[in-house]
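Both backbone and side-chain heavy atoms feed into the values below; hydrogens, waters and symmetry mates do not. As the structure is a prediction and not an experimental result, all values here were calculated from the model.
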There are 2 protein chains.
Amino acid sequence: MGRRSDHTREELRALFIGEGHAHLAQVGLAKFSGREVAKRVGYSVGTISNLFGSVDGLIVAINSRSFELWAQILRDRLESATDDRIAALVDGYFAFAEQSPELWSAIYAHRLPEGLDLPEEDKARRAGLTQIVEDEIRTVLPADTDADVVRLARSLVAVVHGHCSFVVSGSFALLEEPDPQGAALARVRESLAAHGYCAEDFRSDSGLGDSENRGSL
Amino acid sequence: MGRRSDHTREELRALFIGEGHAHLAQVGLAKFSGREVAKRVGYSVGTISNLFGSVDGLIVAINSRSFELWAQILRDRLESATDDRIAALVDGYFAFAEQSPELWSAIYAHRLPEGLDLPEEDKARRAGLTQIVEDEIRTVLPADTDADVVRLARSLVAVVHGHCSFVVSGSFALLEEPDPQGAALARVRESLAAHGYCAEDFRSDSGLGDSENRGSL
DNA sequence: ACCGATTACTGAACGGTGTTCAATATATTT
DNA sequence: AAATATATTGAACACCGTTCAGTAATCGGT
């Protein structure tokens, strides 16, 4: 039964994204079902095609929302960080992945079918995350550094991402690593140091995972 | 029509893995179809369940084979490397991912359904890759290094993996990076240097991608 | 050489998926 | 009030992975 005036098109999209987000977090991308989401929202199957073009379109929208939640976590950590803002960033990166592993891996597991790629709007929404990191890296490096800050910042995101990816996927390489997040942070510090970052002796007051990591690694 | 003596069970598994490998490389994990593989091999649908337990089991076997091909690429690069063996490793890591992006991402996109995890046999087959890296890292660091070589080596694999992952998935962070592989290598060198690795001045004779990268990054 | 027991394989049935699209119910305009 | 335009449905379709009774091929014992 069509209930045309219950919601605007945007409200309806928000409903599907919200319910889809919950469903994705529960069952993961492999078992994600657009039909199930439609059933939960109380609309029929075909509505997804109307609103998002396809189930892939819905997943793109859900993932973009994940990016925004993720970026907000980073901002929260930065705000409550006392001194070590780099550690706060790494912490925030891992925090989202570990508290919502299905949402996190869906971001990287989902691939658009050949042909179409990400809508510009979604690209913009997702860029916020790297922007936060870029700003912090720029702050922490000397003003006259020889590094290309934008490229270095994104490369450091990749460094952290690699560790995080291995943790979430339970992958071969880091199975026996007791402190992957500490390892990621150590690598980031080493690269930053190579470009003029003064470590400011965080060795004493950073988290225990880190201090435990420093001696041996 | 059962053709019982055409192949031994192992031969038949090899047939499915081979054909499945080709199919996966063509269409990617999202569109992978066990039915299609069975059709290509010339056996019926249910045979996959007999041989591998489920389609997931077949994919696990295919991915383990990918690991072996990948490890062989690393060994080849090392063998033909003149001096810079670290660069050769990074190059091999990227080479497989870029020449077979679907196979590479299937390794990380595939997740076993809740409950069962990787058979021991597959874990062993996949560990070969990291072993190669560990051996090289150990060689290149001073004998009296303070680093835990095993943990550092795996962390460096994660560093390269992160860059590679962003490249293959076309992800937001490295879209405008002209030389992701060079960036990965630069990060690895920086971390190795922090643990006593003497760079031996590769600046002059390494690939141009690397030299172009060094000045600005 | 034959015959029962065992194994390999089939293929139809089942419940699920995403997409499509004629039909319908609701808004909007004239 | 009538005509037009839009939103939503839901059945049909083709595909997916899993299951399992049934059948064909081989093996082991006599």
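Side-chain contact between A:F67 and A:D122 is absent, with no heavy-atom pair separated by less than 4.5 Å.
Formation of a donor-acceptor pair under 3.5 Å by the B:R187 side chain with backbone atoms of A:L156 is not found in this model. Judged purely by atom type and a 3.5 angstrom limit, B:H23 uses its side chain to pair as donor or acceptor with the backbone of B:S33. Between the side chain of B:T47 and the main chain of B:S44, a donor-acceptor pair closer than 3.5 Å is present.
One atom, NZ of A:K39, and another, C1' of D:dG10, lie 14 Å apart when rounded to the nearest Å. Taking atom CD1 on B:I48 and atom P on C:dC9, their separation rounds to 13 Å, with Å as the unit. Following rounding to the nearest Å, A:F16 (CZ) and D:dT9 (P) show an atom-to-atom distance of 8 Å. Look at CG on A:L51: it is 13 Å from C1' on D:dT9, rounded to the nearest Å. Between B:F52 atom CZ and D:dG17 atom P there is a gap of 14 Å when expressed in whole angstrom units. Rounded to a whole Å, the CZ atom of B:R13 is 14 Å from the P atom of C:dA8. As a whole-Å value, the separation of A:H23 NE2 from C:dG16 P is 13 Å. Rounded to an integer number of Å, the gap from A:L58 CG to C:dT19 C1' is 14 Å.
Contact annotation: A:S33 reaches the phosphate of C:dT17 (side-chain N/O to OP1 or OP2, under 4.0 Å). Within the 4.0 Å cut-off from OP1 or OP2 of C:dT10, at least one side-chain nitrogen or oxygen of B:T47 is found.
At a threshold of 4.0 angstrom between heavy atoms, the contacts of B:G34 are confined to the sugar-phosphate backbone, with no base atom among them. Contact annotation for B:D56: no contact, since no heavy-atom pair falls under 4.0 Å across all strands.
Of the candidates D:dT19, C:dT10, C:dG18, the closest approach to any side-chain atom of A:V55 belongs to C:dG18. In this structure, of C:dT10, D:dT18, D:dG10, it is C:dT10 that holds the atom nearest to the side chain of B:Y43.
Aromatic ring pairs are classed by plane angle as parallel below 30°, tilted from 30° to 60° and perpendicular above 60°; the pair A:W104 and A:Y93 is perpendicular.
On a pure distance criterion of 3.5 Å, no polar donor-acceptor pair joins the side chain of A:R35 and the base of C:dG16.
Comparing B:F32 and A:V45, the nucleotide of DNA chain D nearest to each residue sits closer to the 5' end for A:V45. The residue among A:E36 and B:L12 whose nearest nucleotide of DNA chain C lies closer to the 5′ end is B:L12. Nearest-nucleotide mapping onto DNA chain C: of A:K31 and A:S49, the residue sitting toward the 5' end is A:K31.
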